[in-house]
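This report refers to the structure that appears directly beneath it.
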Amino acid sequence: METPPGILVRDLSLHFGGVTVFEGLSFEIAAQKFTALLGPSGVGKTTLLRIIAGLEAPATGGVAATDRAPLAGRIAYMAQQDFLLPWASALRNVMLGATLRGARPEPERALHLLERVGLGAQAHALPQTLSGGMRQRVALARTLYEDRPIVLMDEPFSALDSITRLKIQNLAAELLAGRTVLLITHDPLEACRLGHALFVLSGAPARLSEPLHVPGPPPRAADDIALLQTQGALMRTLTEAAAP
Amino acid sequence: METPPGILVRDLSLHFGGVTVFEGLSFEIAAQKFTALLGPSGVGKTTLLRIIAGLEAPATGGVAATDRAPLAGRIAYMAQQDFLLPWASALRNVMLGATLRGARPEPERALHLLERVGLGAQAHALPQTLSGGMRQRVALARTLYEDRPIVLMDEPFSALDSITRLKIQNLAAELLAGRTVLLITHDPLEACRLGHALFVLSGAPARLSEPLHVPGPPPRAADDIALLQTQGALMRTLTEAAAP
Amino acid sequence: MRGARPATTFLVFLALWWLAARYSSVPPFMLPPPGDVAVALWTQRGLLLANTLVTLAEILLGLLCGTLLGGIAALGIVFSPVLQRWLMPVLVVSQAIPVFALAPLMVLWFGFGMVAKIIMAMLVIFFPVTANFADGLRRTPPGWLDLARTMNASPYAMLRHIRLPAALPAFASGLRVATAIAPIGAIIGEWAGASSGLGYIMLNANARIQTALMFAALFILAALTVALYVLVDRLLRRLLYWAPDTTGG
Amino acid sequence: MRGARPATTFLVFLALWWLAARYSSVPPFMLPPPGDVAVALWTQRGLLLANTLVTLAEILLGLLCGTLLGGIAALGIVFSPVLQRWLMPVLVVSQAIPVFALAPLMVLWFGFGMVAKIIMAMLVIFFPVTANFADGLRRTPPGWLDLARTMNASPYAMLRHIRLPAALPAFASGLRVATAIAPIGAIIGEWAGASSGLGYIMLNANARIQTALMFAALFILAALTVALYVLVDRLLRRLLYWAPDTTGG
Amino acid sequence: AMPQKFTVLLDWFVNPDHGPLFAAKYIGAYARAGLDVALIAPTDPDLPPRLLAAGKADVALSYQTQLYLLVDQGLPVRRIGTLIDKPLNTLTALGGRGITTLHDLKGKKIGYSIAGVEEVLIGTMLKSVGLALSDVTLVNVNFNLVSALQSHAVDAVIGTYRTYEDIQLAQAGLNPVIFLPEDYGVPPSDELIMLANLKALDNPALPKFIAAVKEGADYLALHGDAVLAQFLKDNPSLNDRLDIASWHALPGAFAADPAKLDAARYTRYRDFMFAAGLIKKSLPLDTYAVEIKA
Ligand SMILES: Nc1ncnc2c1ncn2[C@@H]1O[C@H](COP(=O)(O)OP(=O)(O)OP(=O)(O)O)[C@@H](O)[C@H]1O
Ligand SMILES: Nc1ncnc2c1ncn2[C@@H]1O[C@H](COP(=O)(O)OP(=O)(O)OP(=O)(O)O)[C@@H](O)[C@H]1O
Ligand SMILES: [Mg+2]
Ligand SMILES: [Mg+2]
């Protein structure tokens, strides 16, 4: 795999109807690191991720890779909803990218990923027979299958129970190590376990907080001292962000 | 409002294709208390809730109210997905129950609920213009609007950031106090803040753990000692449940 | 500038027609040049106007009744498996009966008046509406129905507030098709027995080998059809403000 | 017992027909009793079989070509706003042109062979397919398209693997309508000039007032239509194993 | 007294063939006979006899060739009068395309519009010049007679009228080559006849109606142009070169005495139909046609 680049966001503005979501927003996402993005509901996290993925056009500003090559084609994107295709089995949903690119699907790799997310037995099940958390894990496996240098994930573990969530976090940390990852999450612990840098998006128009940096390689133990300290700092930032 | 009854679940069995989800499952949900249900993804929590709501027919066994009156018509149900109607504004979605029953809609009450969940400004927005967390809050407002003695909620706060989540938990605890509430959640802290009794569902066929009881009225402070102790016990139960 | 685009379309169409009539091997008694047709339009304007009104009335009534009937049939099919079993074959067969087989019975029962014509138009229209609407009603997302059930919705309320709006996109597809074929339905109706209407004029002109008059009537019919279609399409798009529209790439 | 239900339907239908022919005021030269028709079916079986095969071939070819054409037109409309602007009015107008106006041109260009009839059948069939399919393609959930975009899907792959399957329910609605009207399309084709086919038999029998023979041909046509419809419906339901079906209450 | 309602179903669209019926109307002959006559034009010539048989009209127009088929199939109808007592049907080819005699049709395509008897007519005509039906290809062109001929999709058509399509072809400079069936072995027949329901043959209005039609025919013979003017005023869509030419070609064809039944002609044609197998039974003349006496 090529060396994953960082992402430069410059002077972003966006309006929905009369509402200004972003106004002159600039920041950088470090290459080959996990960056976690938190913030109140409706602040614009999903919108920001969609702009980076090239799915939403900003009114001004733009997004570029630090290596100056185009971003398109180097991003794997996991949306807030699972968007599984109802007519395809879990396995075929995981391999959707290959199918769409006309590449040779690799069922072994897809099956292996499904097994890693705990769904080896459900490989041939249709999405509508899966539980909410199972669907989310299929969507995660689909994102991991893409094997891209940049990975954007929008609340990827929100429907998972705490134990499964820890396991899947570990899996993500393992498989995405060395890539440029931007992860939206509502779980401060999750942000602290996985993130090298944590950003909080807040306000209208939305602004980014100063990043918090967590030492040590992810995934970190939930009782790691540094982690608990950062979690405290993060909670303070979030609480401040929530206060108008 | 009538006195909310408890719920008796007797000898439930259910199979999906060859898979046995429940086999002779019996338990009771205490009247006028918050009961939290946790458990690994795909174990059958949603299915159980749907059976209680009368949306899924079990192979054997049944569900009854402790006061022997029929359950139908006394339950408000919030599913794992928001199921907002795309053609109706947030406000009209909140009042859907009244519309469907041919009752007089109460826009003031609906608007008040939307304000309480932080969406007063979005009352006239269509669902597709709302963020994931916003949609979930509209669905919650719709459930609260129903004003039923029994309330079933399937991961109702999963798409909310931690600060908003605390606020909305408080709101739910306030507005649902004295009702019989069954709440599926993946967040042990949430279960401990809100639940009088906590159950863990695990295994295949799924069995319920012995309930954990949390002292004091919900919502409890997140740093309450009793809460933290219960949370520890809950985590142990969950970890045991996850181990085969 | 509003109207510029349809005007261009129309002019291009006229030009193509003129070229085809002028330079192709099609003889003028099969495809008269636009000029002849314009003359016929003008000299026979009284006749054409009177008969256009007749046909327009048939189209609108046929569309109305056909849509209503189609809607009712769709509801019956979706809500009653028994009706589905008995009604559907009858509806399908009704589509396969040619006018000339039905015309004697129609005229016998309803005479040469408006009624027979509207019934024929309905017969042409209602099936697309029924089939599409029934399919749409059948495909209501189950989550919405479950929600409505826990809210104690009566079957009627469920229909009115959930199933109907959810089926609206499918219904719109059916209604679009119905709108496009309603005019030919009316024409077929006139065929089965009529003494007025554009179809009558056309049949008559055809038999009289008055090609220019026939094309004048055809031209009016085509314009009517497109206008009606555009109108219904606009209306439906407005009604479906909430449905995704991912046209183009 | 498989087949018991259709058999009952059929018998009830025969009984109703018999009652109508026997006790209503409709004279036998308009509605002959089933017995007469059965006799005609048997005595003219050779003639009817040969002509049924002709019509069946026209129906199937018309359905095939009409569906293909409709599919292509729908793709054109959905992917090119320019095409939508130019093609749609033409398609709508094409639905409003009565056979007798079109027949001379058809004859000029295609003679009286199979081609002209298949084209006429296509003309009847393709619009429901086009309109429904285009509506279906337009309504692809945007989330899937976004996902496909981030996966670098080519427009073709997106069409093939996302838009097409997603539009399948709408396409199925259109195809159901098309199947129900394909037989009348073929009959209309034969009407415009033919020397064989069930429509020809019917026209001929009608002119010779051989009502029993006409109804025998009509009966075959109806049976053919229902059989074709049931076949296509089953096939479509199998293809749509994944789509919600919330029939009944 | 109130005029009696009297419904007449024309054979087809209003056209110059119906001249005497309209003339009678214009000169008030129906009103004098105490009849309130409604002339209704169907769009399909097959309809009127059936509706008449079903009791939906007092008189329907049809063709003598059709009469035998109707009666043979048990329709309770009888010929009670004649409007046009000459055959008008022709077999027509275009000039300059190598067809000058019937014999030239060998191996060619002949188009027809289904009316039930064409095959027999063509067969009889061909036989008279030593050809058989198998020597030509028959194509049903339904309502495309003229355009099929003009576009050379067929080489000849049968079913064109000498007072209509043939005139049109001539007007278009196409020099039609016209073969008259009665010149080639087909017995002559009345073109346009009036039918009444068997059960209503004693209807006293029938003779009054026929007498009024005779008045119309007489008036038309003398004052054709006056009637034409009124006719065109009532039917503006007929105001063109072809219909006017047709109007002027017709007078010789209208029956001078509509009531009169040419028994020999009807018997001969019945025998012709029977011999050709078009009818199953050869019934006495009065099962087909009667003469209505006042
Ligand atoms: N319609 C169905 N057909 C077949 N199997 C189904 C169906 N619905 C649910 N299941 C299966 O039943 C089991 C329980 O599903 P359920 O949705 O109740 O899980 P859950 O506990 O709510 O999980 P989660 O926490 O992920 O939402 C799963 O294994 C699922 O695959
Ligand atoms: N299509 C749209 N039209 C209008 N407004 C929109 C649209 N999409 C999003 N918005 C608005 O933009 C804002 C940001 O939405 P976004 O989905 O980015 O929030 P978010 O931070 O992801 O929230 P959550 O945590 O709830 O998912 C919200 O106020 C939302 O209402
Ligand atoms: Mg979001
Ligand atoms: Mg669940």
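A, B, ... follow the sequence lines: proteins, then strands. Residue 1 opens every chain. Predicted model, so just to flag it, every value in this text is computed and none were measured.
Of the inter-residue distances, the one linking B:Arg135 atom CZ with A:Gln81 atom CD reads 6.5 Å to the nearest 0.5 angstrom. Remark: B:Glu190 CD to A:Ser162 OG distance equals 11.5 Å, nearest 0.5 Å.
Counting heavy-atom pairs closer than 4.5 Å to chain A, the top residue among B:Thr185, B:Leu238, B:Leu119 is B:Leu238. The choice from A:Pro188, A:Ala159, A:Gly133 that makes the most heavy-atom pairs within less than 4.5 Å of chain B is A:Ala159. Annotation: maximal heavy-atom pairing with chain A below 4.5 Å, among B:Gly118, B:Gly39, B:Gly17, occurs at B:Gly39. Among the candidates B:Asp161, B:Val43, B:Thr129, B:Asp187, the residue making the largest number of heavy-atom pairs closer than 4.5 Å to chain A is B:Asp161. Annotation: maximal heavy-atom pairing with chain A below 4.5 Å, among B:Leu166, B:Thr239, B:Leu160, B:Thr46, occurs at B:Leu160. Most heavy-atom pairs under 4.5 Å with chain B, from the set A:Arg165, A:Gln122, A:Arg137, A:Lys167: that is A:Arg137.
Residue A:Thr164 touches chain B through its side chain alone, counting heavy-atom pairs closer than 4.5 Å. If you measure heavy-atom distances from B:Ser41 to chain A, the contacts under 4.5 Å come from both the backbone and the side chain. Interface residue A:Pro40: backbone and side-chain heavy atoms are both found under 4.5 Å from chain B. With a 4.5 Å cut-off on non-hydrogen atoms, B:Leu38 does not touch chain A at all.
Listed for the B:His186 side chain is no donor-acceptor partner under 3.5 Å among the backbone atoms of A:Ser158.
More than 12 heavy atoms of other residues, nucleotides or ligands sit less than 6.0 Å from atom NE2 of A:His15.
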